[in-house]
Number of protein chains: 2
Amino acid sequence: MANPMYRQIAEDLRAQIEGGDLEPGQQLRTEIELRDHYGASRNTIRDATKLLAAWGMVETRPGQGTFVVRKIEPYVTTLTGSPKVPILYGEVDDSAAGATSGTERLLYSTDPQVEIQKAVASVGRLLQIAEGSQVISRHQKRSIDGTPWSMQTSFYPMGFILKGADRLIQADDIAIGTMKYLEQTLGLKQVGYRDWITVRTADGPEASFFNLPPDGRVSVFEVFRTAYDQTGTPMRLTVTVYPTDRNEFIVNVGDVPKDGDGVVPA
Amino acid sequence: MANPMYRQIAEDLRAQIEGGDLEPGQQLRTEIELRDHYGASRNTIRDATKLLAAWGMVETRPGQGTFVVRKIEPYVTTLTGSPKVPILYGEVDDSAAGATSGTERLLYSTDPQVEIQKAVASVGRLLQIAEGSQVISRHQKRSIDGTPWSMQTSFYPMGFILKGADRLIQADDIAIGTMKYLEQTLGLKQVGYRDWITVRTADGPEASFFNLPPDGRVSVFEVFRTAYDQTGTPMRLTVTVYPTDRNEFIVNVGDVPKDGDGVVPA
DNA sequence: GGGTATTTGTCCGTATGTATT
DNA sequence: AAATACATACGGACAAATACC
């Protein structure tokens, strides 16, 4: 016996899933049935399904059963350029739900939650201000087609308010865009940005908002975007968290064909 | 009791780790000691440590004990630009190991493993050739400072060989770089590339090479880089797999300050 | 709403195997 | 070889979530 029994059972079930014997969304046999089928104890069957869950192939629902996971249609964000999704702020109109046609996707964003905070170490470092100094924090949760998609928090130096950009501390959307607003009020123009991309396990609130399984299987992208003004000074830090199971990114460098068919690997 | 016992125990141990009572690398008390301490059964203690392992906070080693994980110093790759690490091919000279000084990091790469393969769906789509047509595959495993870092496979259309780029099927490094070689032999010049970034769970060989825990906790970046020539035709597809626990990425857009202090969030 | 059957979740005790020191 | 520590496996009991009548 090279492999332990629970692993062999997991491999067997994996083969059934990958072979198509078990469709995505379909329910597996119950633990009792699997116990009798494999001649193992229920706990060993549970070890096998736990391993499959760690592989991201099944999920268990208390009171219901064990199901083959349905892959979420990933949303692709192009980091080198602007997103092309129509954005809807405020309350969702339920009557309009389900009316999105074709491949067009609807992005819904909560109104910004504005707070004055002390800069933690990472925020201070990236904004090049002292750790602990005051910053404006604008937080939004965003969904696409009803699926929780990302949580975004933008940080601005507190000095922007004193210099006249007082709309930053109002808890509503700045329709023309904050970058244009800062240009009009403070003369700050964004000339470039740097994205820092990491992956980590989701914390509690994130797992809750994104509906992630509690076993820590799905991690999240954390993207730190530092925007620089014409003097090379950081003018905004945007931290966005995306679950890795429903998000992918594109980076275009140099002369490349337009996005379209043939850019998606799967 | 809002939470089950194993979860409360896990939270308690987590607080000890985050509070600094348990240092990274330090051994936890054994399962038997924890069982007596918390008044639970050994199986419940094991459920708690399994949860901590899923959170990426501890790792268990058979015959040794349970240890607080040591965070790996992440390696940062700038996607918009060329890497700046010195590359060493072939066998490693052990006598030189440990002699790297300062912040300089040593990249070691295996000799390319060259194969002729049929293009799978994703390779065919990104290279814009028919699925199942022949491609040259050049695979390398790479380490930084002795730590397994990435697995990279480049795919070229088979036609390149017939047109004279026959060094592509030799299993050694092309010192001047394959891009320059293709320019010299075929007149193909890379004018840009597109990176497609996804995250998925590691498969068996990947988990083995990268030394990842078998519980599926650590996932991997999979970056598909399609290089385009002056006619806008894909000339190479490079698929690189990086463990997410030791890799981060940077994307620079527009006019940004040089990399250096203040670009790292943590 | 209530009650019941089904299914997974939690917890226990025990025994044995395997890896490491 | 022996001791230690985690890994695997069993069987049992009860709890909690869900679905259905």
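Naming convention: chains lettered A, B, ... in sequence-line order (proteins, then strands); numbering from 1 in each chain.
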Whole-Å gap separating [atom2] ([N]) and [atom1] ([X]):
X      : N       : atom1 : atom2 : result
R35(B) : dC6(D)  : CZ    : C1'   : 14 Å
Q27(A) : dT6(C)  : CD    : P     : 14 Å
R7(B)  : dA15(D) : CZ    : P     : 21 Å

Could you write out each protein N or O paired with an N or O of nucleotides 19-21 of chain D at a distance under 3.5 Å?
none

Would you be so kind as to tabulate the donor-acceptor pairs closer than 3.5 Å made by side chains of residues 37-46 of chain B, with sequence neighbours excluded?
unit_1 : atom_1 : unit_2 : atom_2 : d
Y38(B) : OH     : D12(B) : OD2    : 2.5
S41(B) : OG     : N43(B) : N      : 3.4
S41(B) : OG     : T44(B) : N      : 3.3
S41(B) : OG     : T44(B) : OG1    : 3.2
R42(B) : NE     : E31(B) : OE1    : 2.6
R42(B) : NH2    : E31(B) : OE1    : 2.8
R46(B) : NH1    : E31(B) : OE2    : 2.9

> With under 30° as parallel and over 60° as perpendicular, where do the rings of F221(A) and Y242(A) fit, or are they tilted in between?
Replying inline: perpendicular
>> Any N or O donor-acceptor pair under 3.5 Å from the base of dG9(C) to the side chain of R42(A)?
In response: yes
>> By the salt bridge (charged side-chain N to carboxylate O under 4.0 Å, His left out) test, which pairs, at least two apart or in different chains, include something from residues 17-30 of chain A?
In response: R14(A)-E18(A)
> For dT8(C), does OP1 or OP2 lie under 4.0 Å from any side-chain N or O of T66(A)?
Replying inline: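 Checking dT8(C) against T66(A), a side-chain N or O does come within under 4.0 Å of OP1 or OP2.
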>> Going by the rule side chain to side chain donor-acceptor pair (under 3.5 Å), which residues pair with S150(A) if we only count those two or more places apart in sequence or in a different chain?
In response: R142(A)
>> According to ring-ring contact (aromatic ring centres under 6.0 Å, His included), who are the partners of Y6(A), at least two apart in sequence or on a separate chain?
In response: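 In terms of ring-ring contact (aromatic ring centres under 6.0 Å, His included), with neighbours along the sequence ignored, Y6(A) is linked to no residue.
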>> I'd like to check the salt bridge (Lys or Arg N to Asp or Glu O under 4.0 Å) partners of R225(B); sequence neighbours left out, ordered by chain and number.
In response: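 Scan of R225(B) (salt bridge (Lys or Arg N to Asp or Glu O under 4.0 Å), adjacent residues dropped) gives D195(B).
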> So which nucleotide from dC12(C), dA7(D), dG9(C) ends up closest to the side chain of P62(B)?
Replying inline: dA7(D)
